[in-house]
2 protein chains.
Amino acid sequence: MLRFTRLTAQIPAFLARVEKHSEDDWIWIFMDTNAAANVTAAALAPPKPVAARSLVEAAHEAIRHEILTGGLAPGEKLRFEMLRKRFGFGASTLREALTRLVGEALVTSEEQKGFRVAPVSLEDLADLTRTRKFIELEALRESILNGDDAWEGRLVSAFHRLSKVEAKLSSGPELQQDEFERRNNEFHHALISACPSRWLHHLHGILYQQSERYRRISLVNRVVPRDVHAEHKAMFDAALARNVELACQVAGEHIERTLAVMGKVLNAGMRPGG
Amino acid sequence: MLRFTRLTAQIPAFLARVEKHSEDDWIWIFMDTNAAANVTAAALAPPKPVAARSLVEAAHEAIRHEILTGGLAPGEKLRFEMLRKRFGFGASTLREALTRLVGEALVTSEEQKGFRVAPVSLEDLADLTRTRKFIELEALRESILNGDDAWEGRLVSAFHRLSKVEAKLSSGPELQQDEFERRNNEFHHALISACPSRWLHHLHGILYQQSERYRRISLVNRVVPRDVHAEHKAMFDAALARNVELACQVAGEHIERTLAVMGKVLNAGMRPGG
DNA sequence: GTCAACAATAATTTCGAGATTTTTTATATA
DNA sequence: TATATAAAAAATCTCGAAATTATTGTTGAC
């Protein structure tokens with residue numbers, strides 16, 4: 001855990017402010033990732049709170065967030081000099097953070113030639129979606145069959161929290177995107193949380209994070225009106241009713257529809273080099 | 001690529017000998033991983049040739065090999081001082097190699113508390129096998145449906161090479177284990193190589209490497225007689241005949257049987273702490 | 001004008017020392 | 001004896017410089 005002594009000794013450039021909450025033992029580091037970033041005059045996202053136990057973890061989270069939100073573009077070369085200026089970490093620290101991201105397939109690396117943000121493509125999106133559907137439906141099936149009262153409790157809670165932020169999202173500005181992603185993740189994870197297979201969860205986690213990347217691209221420039229809340233509610237109802245076939249069918253359609261929407265956005269907005 | 005200047009400048013302790021083959025551009029580094037290892041008087045494995053483009057890659061390969069073959073035991077703490085003495089790499093290099101292994105789930109890490117070899121268990125083996133079957137059969141199905149002449153060629157070649165080493169394995173000593181694993185991998189990969197999904201291949205790769213670890217444990221102390229060659233041949237024949245259902249059934253049984261054998265070995269040989 | 005060899009520049013990779021944190025040991029107190 | 005606190009030891013984590021490699025630019029020969 002980071003203590004104040006640690007933070008005062010080396011305050012990296014990326015730090016916006018530091019807070020100590022009395023409720024727990026964590027130090028919250030608010031990162032202003034836009035401060036040193038070469039972003040255009042777009043609206044600045046609010047600082048993302050990160051409870052980091054080490055600088056490598058902080059660097060990992062910071063770079064991951066930039067990749068997911070597009071601050072670091074697909075295919076972009078990740079030079080250490082640039083990353084050092086932008087985030088304020090040392091070379092070895094950055095290197096280890098990038099290696100973690102390679103393991104998550106968000107970054108590619110070639111020996112002696114450095115790192116790049118993993119590219120995106122329509123083909124990859126289609127393959128990813130198809131594979132995720134394959135994994136997620138199996139996990140959902142097992143989860144519904146194994147779900148107990150605690151599972152139902154998690155599901156009800158997650159659905160409620162998601163519904164609240166969905167309501168805000170449709171009316172207000174796009175400030176809530178990080179929060180929406182968090183709760184969306186929470187809901188989808190709750191659905192399959194009673195699946196007993198550790199490995200199925202592990203694989204699903206990899207694919208889900210990948211698809212989050214595409215989802216955020218299509219979220220910022222939404223072109224197709226869509227009632228996501230109704231889709232989530234249908235999944236929620238079918239799961240609680242323990243109707244395996246219906247739940248899988250609805251979830252499958254939900255994933256497919258996401259592909260359709262994202263496909264349109266990518267197809268319209270992607271440039272050859274991007 | 002490593003040049004000789006690089007090697008002569010810093011010859012790590014793990015180097016046994018260095019060769020330059022004229023046929024290609026690689027420098028072959030023969031690592032004597034037992035030299036500095038605290039192994040007992042067990043029979044020394046022959047040096048494993050590794051074509052490394054960087055020291056991180058060499059360290060990654062070396063440690064991975066030790067974990068797969070049991071030279072580093074499941075659950076064992078991986079202290080940097082020990083690794084430095086044993087392999088001869090610097091701290092940052094080792095750190096990055098371990099981070100790669102964490103991405104492959106062969107090593108676990110806890111912030112500020114270091115790295116450990118990932119544990120093994122009967123539960124994990126059962127879950128792993130079940131998940132691998134799920135993924136591999138789907139990939140096999142798609143592969144057979146999409147396979148062209150080139151795929152058949154790869155399959156015939158891989159099966160032939162595997163058969164040769166299988167014959168040697170049953171008669172001779174256990175010197176061929178690395179080679180058997182390589183060709184076994186080659187054969188199983190050839191079977192599904194016509195599956196067009198990149199992500200299915202990616203996920204399968206993760207699971208296959210994990211199961212290799214358990215397989216090697218059961219190989220060194222084989223207790224159940226088994227005609228592996230016949231099983232491989234049945235898979236080979238069904239795949240070439242484009243009989244999807246039969247191939248999947250046979251492959252499924254093959255995976256299940258492997259679980260049964262490994263389960264017996266683990267159950268008999270595993271100690272509480274190991 | 002094209003290509004190869006060479007020099008200059010820029011990037012990645014590696015190492016070891018110092019800073020920080022965790023773990024162990026010692027000491028005091030109830 | 002058990003518990004809490006403090007000092008000592010051992011481990012991890014981080015940084016920046018040095019070594020190595022890749023890339024770019026230049027020159028000269030054909």
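Below, chains carry the letters A, B, ... as their sequence lines are ordered, and counting in each starts from 1.
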Original post:
Atom CZ of A/Phe87 to atom P of D/dC15: distance rounded to whole Å?
Top reply: 14 Å

**OP:** Determine: side-chain N/O of A/Lys77 to OP1/OP2 of C/dA11, distance under 4.0 Å, yes or no.
**Re:** no

Original post:
Tell me: CZ of A/Phe80 to P of C/dT14, nearest whole Å?
Top reply: 11 Å

Subject >> Output field: ring centroids A/His201/A/His189 closer than 6.0 Å >> reply: yes

Original post:
Is a side-chain donor-acceptor pair under 3.5 Å present for A/Glu104 with A/His60?
Top reply: yes

Original post:
Under 4.0 angstrom, heavy atoms only, what part of the nucleic acid is B/Glu111 near: base, sugar-phosphate, or nothing?
Top reply: sugar-phosphate

Subject >> Atom pair distance, as rounded to whole Å: CD in A/Glu81 and P in D/dG16 >> reply: 11 Å

Original post:
In terms of side-chain heavy atoms of B/Lys113, which of D/dT12, C/dT12, C/dT22 is nearest?
Top reply: C/dT22

**OP:** Please state whether the phosphate of D/dT12, meaning OP1 or OP2, lies under 4.0 angstrom from any side-chain nitrogen or oxygen of A/Ser54.
**Re:** no

Subject >> Protein-nucleotide distance (A/His60, atom NE2; D/dT14, atom P), rounded to Å >> reply: 14 Å

**OP:** Quickly work out the B/Arg84 CZ to C/dC15 P distance and round it to whole Å.
**Re:** 10 Å

Original post:
Once you round it to whole Å, what is the distance between P of C/dT12 and CG of A/Leu83?
Top reply: 9 Å

**OP:** Measure the distance from CZ on B/Phe115 to C1' on D/dT12 and round it to the nearest whole Å.
**Re:** 9 Å

Original post:
What's the NZ-C1' distance between B/Lys85 and D/dA10, to the nearest Å?
Top reply: 13 Å

Subject >> Non-neighbouring partners of B/Arg116 that pass side-chain hydrogen bond (donor to acceptor under 3.5 Å, both in side chains), sequence neighbours left out >> reply: none

**OP:** Measure from the side-chain N and O atoms of A/Thr131 to the backbone N and O of A/Asp127, and report whether any donor-acceptor pair falls under 3.5 Å.
**Re:** yes

Original post:
Which nucleotide sits closest to the side chain of B/Arg79: D/dT12, C/dC15, D/dA22?
Top reply: D/dT12

Subject >> Toward the 5' end of DNA chain D, by each residue's nearest nucleotide, B/Leu78 or B/Ser92 >> reply: B/Leu78

**OP:** Consider the side chain of A/Leu55, meaning its heavy atoms from C-beta on, and name the nucleotide among C/dT14, D/dC15, D/dA11 that approaches it most closely.
**Re:** D/dC15

Subject >> With A/Glu111 via salt bridge (charged side-chain N to carboxylate O under 4.0 Å, His left out) - residues at least two apart >> reply: B/Arg100

